[in-house]
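Chain letters run A, B, ... following the sequence lines, proteins first and then strands; every chain starts at 1.
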Amino acid sequence: MYSPRCSRRLHRRMKLRFAPSPTGFLHVGGARTAIFNLLHARRYGGTYLLRIEDTDVERSRQHHAEQIVSSLTWLGVEWDEGPIYQSDRLERYRERAAELVAQDKAYRCYCTIEELEADRAAAEKAGKQWHYSGRCRIAAEIGDEREGPHVIRFKVTPGPIHFRDLIRGDVHFEGELLDDFVLLRSDDNPTYHLSVVVDDIDMEVTHVARGDDHLSNTPKHILLFRAFGADVPTFAHLPLILGSDKKRLSKRTGATSVEEYRDLGIVPEALVNFLTLLGWSPGGDRELFTADEASEMFDLSDVNKAPAVFDPEKLLWMNGQYLMRMPADEIYPHLVPFLGDAPPSLDELRGAIELNKSRGRTLRDIADLLQSYTIADEELEYDAEASKKHLKGDDLAERMRELHAALAAAEPFDVNTTEEALRQLAESHGVGAGKLIHPLRLALTGRGSSPPIFDVAVVLGKEKSLRRLQRLIDSLDAIAR
RNA sequence: GGCGCAUUCGUCUAGGGGUCCAGGACGCCGCCCUCUCACGGCGGUAACACGGGUUCAAAUCCCGUAUGCGCUACCA
């Protein structure tokens with residue numbers, strides 16, 4: 001049986017590319033395309049090229065290109081070649097277009113946009129499907145050349161076009177349905193169709209994995225590859241990523257760019273893992289894996305055909321899984337942007353991070369949790385609801401004073417001695433340990449919930465813990481008076 | 001409209017003729033662990049779009065239908 005993954009081009013070094021247009025931030029769909037290309041290249045020892053497709057001068061922006069590059073870097077997507085900017089290669093596209101004209105495979109078209117619009121409107125009015133009239137093609141064939149601004153159109157040859165897509169399998173199109181498409185615009189800049197094919201030939205790209213929205217462009221590209229006498233690369237069209245409304249993921253249904261997820265406090269490893277699982281699965285029950293692990297199993301031909309809905313809930317869960325498995329030293333650099341203007345040092349935070357990393361799903365959550373540790377004692381606020389629940393009983397202040405004394409005597413100040421001290425005190429009063437623990441939690445963290453309180457005390461240190469406990473006692477006394 | 005593609009729990013998926021009255025994960029619900037909150041453990045909820053074939057046997061193969069999505073530019 002024919003298997004597309006061991007096709008005829010084994011003699012040629014496998015080469016893949018990611019080719020975004022710099023018209024906005026890196027979209028998560030684009031990020032997934034970049035990741036899938038990377039994984040396939042790594043799996044088969046191929047090379048990976050980054051190419052910026054900025055031939056649309058109207059919409060392309062250099063700063064977007066830079067943002068895309070930095071998002072890819074943040075994700076850990078590393079390329080072997082590039083970034084190559086198509087805007088640096090405009091002459092090459094013009095040259096190739098001229099070749100096709102010289103070979104009679106393309107022609108100059110002098111129709112203006114206005115004329116074409118009028119034709120289109122007329123066709124629509126008549127309820128018919130619009131097609132390019134071909135008037136300039138005919139004129140070119142009888143040698144009736146004009147002067148003035150023009151585009152270069154490709155002469156589409158009729159006949160069926162068939163290709164085997166790594167993901168879709170056999171795909172068929174009818175050449176008759178294709179219009180003579182534009183290769184070179186009237187401003188002398190190439191269209192996507194021209195630049196992408198010229199580049200994939202020049203750069204010896206063997207595998208083109210791109211979004212599903214390009215599937216119906218593929219026959220045009222195949223015709224161009226043939227016109228240039230080049231090998232047609234293997235295609236793989238990735239299904240789209242959908243929003244919860246089952247439409248192409250848009251801002252309406254949530255964040256769409258890699259940067260937004262970064263700012264939400266998602267770690268890159270988690271985003272990559274999550275995106276890799278959208279449309280692909282290593283088989284079995286495996287959910288959590290690194291990009292390196294994935295690249296040992298990944299194959300474009302195993303990617304699902306159906307579009308996948310982006311589920312932010314699951315991303316959050318996965319991010320939590322990553323956070324809780326990461327050592328504090330590894331989390332810290334990712335955390336810094338969320339720590340405000342004067343971020344505490346890693347040494348100050350290490351213990352608190354370890355204690356809290358399994359208690360949040362995003363870096364933001366963790367940063368918020370960490371505040372109770374680094375905040376100045378006098379700025380610590382007691383959660384109203386928890387105070388109401390736990391700060392009661394006439395003898396509370398007295399009990400807290402005793403607890404303060406007991407903890408002050410705890411030596412060394414570790415989880416065992418502090419817990420032992422508190423439990424003994426509780427027992428001697430014939431009350432549950434909770435009667436002391438909950439107020440202590442409020443004293444130390446200001447919150448109704450926290451990591452195990454003796455761990456918190458140890459991380460805060462004896463001095464700070466006692467100071468905070470004393471502060472609670474003082475405020476209880478103040479209220480009593 | 002034309003062309004193309006797709007369709008397994010709410011969502012991501014496993015599965016590719018019998019081992020599937022469909023497995024895992026997220027979510028949700030319950031229980032356990034427990035000083036609280038998480039984490040973790042256990043259990044539960046929930047799906048083969050529909051209709052015809054082929055076959056001893058279909059989630060799996062074929063054909064329709066429906067629905068959705070994409071493309072239909074001098075955007076990519």
- Message: Nearest heavy atom decides the nucleotide; on that basis, is A:F454 or A:F173 closer to the 5' end of RNA chain B?
- Response: A:F173
- Query: For A:R423 and A:T112, take the nucleotide of RNA chain B holding the closest heavy atom to each; which residue's nucleotide lies nearer the 5' end?
  - Reply: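 The 5'-side residue here is A:R423.
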Return the polar atom pairs (N/O with N/O) between nucleotides 44-49 of chain B and the protein under 3.5 Å, or none.
none

With a 3.5 angstrom cut-off on both distances, give the Watson-Crick or G-U wobble partner of [N], or none if there isn't one.
{"N": "B:C37", "answer": "none"}
{"N": "B:G51", "answer": "B:C63"}
{"N": "B:G4", "answer": "B:C69"}
{"N": "B:C26", "answer": "B:G10"}

Would you classify [X] as touching base, sugar-phosphate or nothing, given that sugar-phosphate means primed atoms plus P, OP1 and OP2, and contacts are heavy atoms under 4.0 Å?
{"X": "A:V151", "answer": "base"}
{"X": "A:P451", "answer": "base"}
{"X": "A:I113", "answer": "base"}
{"X": "A:A308", "answer": "sugar-phosphate"}
{"X": "A:F310", "answer": "nothing"}
{"X": "A:G211", "answer": "nothing"}
{"X": "A:S186", "answer": "base"}
{"X": "A:S450", "answer": "base"}

- Task: Assign the ring pair A:H221 / A:H193 to parallel, tilted or perpendicular, where the plane angle (0 to 90°) is split at 30° and 60°.
- Result: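 Rings of A:H221 and A:H193: tilted, 30 to 60°.
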Counting just side-chain N and O atoms, does [X] come under 4.0 Å of either OP1 or OP2 of [N]?
{"X": "A:R120", "N": "B:A73", "result": "yes"}
{"X": "A:R248", "N": "B:C71", "result": "yes"}
{"X": "A:K246", "N": "B:C69", "result": "no"}

Is the closest side-chain donor-acceptor distance between [X] and [Y] under 3.5 Å?
{"X": "A:D414", "Y": "A:T417", "answer": "yes"}
{"X": "A:R468", "Y": "A:S372", "answer": "no"}
{"X": "A:N356", "Y": "A:Y373", "answer": "yes"}

- Task: List in chain and number order the residues that pass side chain to side chain donor-acceptor pair (under 3.5 Å) with A:N37, two or more places apart in sequence or in another chain; answer none if no residue qualifies.
- Result: none
Nearest to side-chain heavy atoms of [X], which nucleotide of [options]:
{"X": "A:M324", "options": "B:G40, B:C35, B:C69", "result": "B:G40"}
{"X": "A:S281", "options": "B:A14, B:C69, B:C74", "result": "B:A14"}
{"X": "A:V309", "options": "B:G70, B:U36, B:C12", "result": "B:C12"}
{"X": "A:H214", "options": "B:A76, B:C35, B:C12", "result": "B:A76"}
{"X": "A:T55", "options": "B:A76, B:C35, B:U11", "result": "B:A76"}

- If we take the C1' atom in both B:U8 and B:G24, what is their distance in whole Å?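 So the two C1' atoms sit 13 Å from each other.
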What protein N or O atoms touch nucleotides 25-29 of chain B N or O atoms at under 3.5 angstrom, if any, and at what distances?
unit_1 : atom_1 : unit_2 : atom_2 : d
B:A25  : O4'    : A:E287 : OE2    : 3.3
B:A25  : O2'    : A:E287 : OE1    : 3.3
B:A25  : O2'    : A:K314 : NZ     : 3.4
B:A25  : N3     : A:K314 : NZ     : 3.3
B:C26  : OP1    : A:W317 : NE1    : 3.4
B:C26  : O2'    : A:K314 : N      : 3.4

- Task: Indicate yes or no: at least one non-hydrogen side-chain atom of A:Y192 is less than 4.5 angstrom from one of A:H214.
- Result: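 A side-chain contact exists here, since the closest heavy-atom pair is under 4.5 Å.
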- Task: State yes or no: are the ring centers of A:F18 and A:W79 separated by less than 6.0 Å?
- Result: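 Between A:F18 and A:W79, the centre distance exceeds or equals 6.0 Å.
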- Query: Looking at residues at least two apart in the chain, or sitting in another chain, which of them share a ring-ring contact (aromatic ring centres under 6.0 Å, His included) with A:H429?
  - Reply: none
Can you give the donor-acceptor pairs under 3.5 Å from side chains of residues 303-316 of chain A to other protein atoms, not counting sequence neighbours?
unit_1 : atom_1 : unit_2 : atom_2 : d
A:D311 : OD1    : A:E313 : N      : 3.2
A:E313 : OE1    : A:R361 : NH1    : 3.3
A:K314 : NZ     : A:E287 : OE1    : 3.1

- Mind calculating the distance between CG (A:D302) and P (B:U13) to the nearest angstrom?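 Going from CG in A:D302 over to P in B:U13 covers 13 Å.
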Nucleotide N/O to protein N/O under 3.5 Å, stretch nucleotides 5-8 of chain B:
unit_1 : atom_1 : unit_2 : atom_2 : d
B:C5   : O2'    : A:R168 : NH1    : 2.2

- Message: Could you check whether any side-chain N or O of A:K357 sits under 3.5 Å from a backbone N or O of A:M326, counting only pairs where one atom can act as donor and the other as acceptor?
- Response: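 At least one qualifying donor-acceptor pair exists.
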